[in-house]
Colleague: 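Mind having a look at this structure? Questions to follow.
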Amino acid sequence: MNIQANLKEVLSELPANVRLVAVSKFHPQEAIMEAYQAGQRIFGESKVQEMTEKYEALPKDIQWHFIGHLQTNKIKYMAPYVAMIHGVDSYKLLADINKQAAKCNRRIPCLLQLHIAQEETKFGFSFDECTAMLETENWKSLDHVALQGVMGMASNTDNMEQVKNEFQSLHTYFQQIKKQFFADAPDFKEISMGMSHDYPIALQEGSTMIRVGSKIFGERVY
Ligand SMILES: *Cc1c(COP(=O)(O)O)cnc(C)c1O
């Protein structure tokens, strides 16, 4: 695996307004340092304990993005340092993040995770659930979280037309809630979509943040 060459290849395809989250979950610190030495600073992890160990050991200018499924009792471990939480899919989680962020005197950037895939196993709000949550306006009093956009995962399928439609639906939904709830919030601007096998389609459909792991670091060994 030539991590630096893989990284450069992915970066060379990115428009200027799109950021890469290098998904380093299950890969060792040495692999992260190889990407770091090539200039990568944003890394994505899906387990809080693993991310925290890496945060403690590695350079402090790394921005750690949490992309996994959130558990309330783990939020406190990452609240002091996490740069962005991608997978918020309930008001309760948002309120829990707010509480832990307040203790650290921070405002943590968060993305609303939408369920866009056909598979039932994926987490996330339905569009209707998310809109209903935003309509309550309770979130507006959460001063220690910053809603900055949406995140979604397409179906794991070879049907690229379906994947394209799913990404398109997320982009359309983003524009709708941006207009309805975040018209005065310039920071609400992220559409986190696209993984190793589908990020070229996500880029065509307006992604601002791709989350790429195996294409950079190789297959994960669990
Ligand atoms: C693991 C993971 C990725 C990266 O997947 P690859 O196929 O290795 O690029 C992206 N997003 C989420 C939410 C993940 O859990």
Side-chain angles (χ1 to χ4, degrees), residues 1-14 18-28 31-32 34-35 40-52 54 62-71 74-75 78 82-90 93 97 109-125 130 148-160 162-164 166-167 169-171 174 190-222:
M1 253 302 141
N2 189 334
I3 291 173
Q4 297 198 344
N6 296 342
L7 178 70
K8 287 195 176 121
E9 192 186 321
V10 174
L11 287 173
S12 72
E13 300 167 45
L14 286 193
V18 179
R19 289 188 288 164
L20 167 67
V21 179
V23 176
S24 48
K25 62 187 185 194
F26 304 108
H27 290 287
I32 296 177
E34 267 194 57
Q40 181 65 24
R41 290 294 181 271
I42 307 178
F43 292 91
E45 292 282 336
S46 62
K47 297 269 185 278
V48 174
Q49 186 179 342
E50 180 181 348
M51 181 168 78
T52 302
K54 287 171 171 171
I62 289 178
Q63 296 160 44
W64 295 100
H65 284 220
F66 187 75
I67 61 168
H69 183 60
L70 272 167
Q71 289 170 284
K74 303 273 175 69
I75 293 170
M78 63 174 161
V82 69
M84 181 173 272
I85 296 178
H86 287 235
V88 178
D89 63 359
S90 73
L93 280 172
I97 295 167
C110 293
L111 303 181
L112 298 166
Q113 182 172 359
L114 278 306
H115 180 123
I116 55 171
Q118 310 230 325
E119 291 130 50
E120 298 209 349
T121 55
K122 300 256 161 78
F123 298 103
F125 285 109
C130 190
Q148 297 195 340
V150 297
M151 177 269 208
M153 289 167 87
S155 296
N156 188 6
T157 169
D158 291 333
N159 182 345
M160 288 304 152
Q162 182 183 338
V163 169
K164 182 177 141 100
E166 291 171 2
F167 285 150
S169 74
L170 186 60
H171 189 173
F174 166 82
E190 304 294 352
I191 306 176
S192 166
M193 60 184 189
M195 302 166 46
S196 290
H197 66 286
D198 59 17
Y199 75 85
I201 303 173
L203 291 174
Q204 284 169 15
E205 297 309 323
S207 173
T208 67
M209 217 179 243
I210 60 172
R211 309 177 310 269
V212 177
S214 42
K215 175 141 190 190
I216 296 169
F217 295 107
E219 291 305 318
R220 288 178 286 274
V221 184
Y222 291 89

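Quantities reported herein were computed from a predicted structural model and do not represent experimental measurements. Quick note: numbers below take in every heavy atom, side chains included, and nothing from hydrogens, waters or symmetry partners. Whatever order the structure lists them in is the order used to number ligands and atoms, beginning at 1. The residues of the chain are indexed from 1 along the displayed sequence.
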Colleague: What is the distance from atom NE2 of His115 to atom CG of Asp89, rounded to the nearest 0.5 Å?
Modeller: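 So the NE2 of His115 and the CG of Asp89 are separated by 11.0 Å.
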Colleague: Considering all heavy atoms of both residues, which atom of Leu70 and which atom of Gly87 are nearest to each other, and what is their separation?
Modeller: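 So the minimum-distance heavy-atom pair works out to CD1-O, 3.8 Å.
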Colleague: Of the backbone atoms (N, CA, C, O) and the side-chain heavy atoms from C-beta on, which set of Glu45 has a member under 4.0 Å from an atom of ligand 1: side chain, backbone, both, or neither?
Modeller: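 The answer is neither; Glu45 stays 4.0 Å or more away.
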Colleague: Applying a heavy-atom cut-off of 4.0 Å, say which part of His86 lies close to ligand 1: side chain, backbone, both or neither.
Modeller: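 Neither part.
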Colleague: Over all heavy atoms of both residues, which pair between Val82 and Trp64 is shortest? Give the atoms and the distance, please.
Modeller: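 Scanning both residues, the minimum pair turns out to be CG2-O, 3.3 Å.
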Colleague: Have a look at Val21, Ile67, Val23 and point out the one with the heavy atom closest to atom 12 (C) of ligand 1.
Modeller: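 Selected option, by shortest heavy-atom distance: Ile67.
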Colleague: Does the side chain of Thr208 come under 3.5 Å of the side chain of Arg19 through a donor N or O and an acceptor N or O?
Modeller: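 There is no such pair (donor and acceptor under 3.5 Å, judged by atom type) between the side chains of Thr208 and Arg19.
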Colleague: Please list, in number order, the atoms of ligand 1 under 4.0 Å from a heavy atom of Gly213.
Modeller: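 Going through ligand 1 atom by atom, the ones under 4.0 Å from Gly213 are 4 (C), 6 (P), 8 (O), 9 (O).
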Colleague: So for atom CD, which belongs to Gln162, do other residues, nucleotides or ligands contribute more than 12 heavy atoms lying within a distance under 6.0 Å?
Modeller: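 Above 12, so yes.
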Colleague: Applying the side chain to side chain donor-acceptor pair (under 3.5 Å) criterion to Ser192, which one of Gln148, His86, Gln113 satisfies it?
Modeller: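 Option passing the side chain to side chain donor-acceptor pair (under 3.5 Å) with Ser192: His86.
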Colleague: Which ligand 1 atoms, with their elements, are less than 4.0 angstrom from a heavy-atom of Met151?
Modeller: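 In order of numbering, the contacting atoms are 13 (C).
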Colleague: Do any nitrogen or oxygen atoms of Arg211 lie less than 3.5 angstrom from nitrogen or oxygen atoms of ligand 1?
Modeller: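 Between Arg211 and ligand 1, an N or O pair is found under 3.5 Å apart.
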Colleague: Give the minimum heavy-atom separation between Ile191 and His171, together with the two atoms involved.
Modeller: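 That would be CD1-CD2, 3.6 Å.
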Colleague: With a 4.0 Å cut-off on heavy atoms, does Lys25 reach ligand 1?
Modeller: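 Lys25 counts as a contact of ligand 1 under the 4.0 Å cut-off.
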Colleague: Where do Glu50 and Lys25 land on the salt bridge (Lys or Arg N to Asp or Glu O under 4.0 Å) test, with the steps shown first?
Modeller: CA-CA 8 Å; Glu50 180 181 348; Lys25 62 187 185 194; over 6 Å; no
Colleague: Side chain or backbone of Ser46 under 4.0 Å from ligand 1, or both, or neither, by non-hydrogen atoms?
Modeller: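 The answer is neither; Ser46 stays 4.0 Å or more away.
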Colleague: Compare Ser192, Gly218, Ser196 and give the one whose heavy atom is closest to atom 9 (O) of ligand 1.
Modeller: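 Checking each option, the heavy atom nearest atom 9 (O) of ligand 1 is found in Ser196.
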Colleague: Distance under 4.0 Å to a non-hydrogen atom of Val212: what atoms of ligand 1 satisfy this?
Modeller: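 Going through ligand 1 atom by atom, the ones under 4.0 Å from Val212 are 9 (O).
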Colleague: Heavy-atom pairs closer than 4.0 Å: do any link ligand 1 to the side chain of Met153, the backbone, both, or neither?
Modeller: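 The answer is the side chain of Met153.
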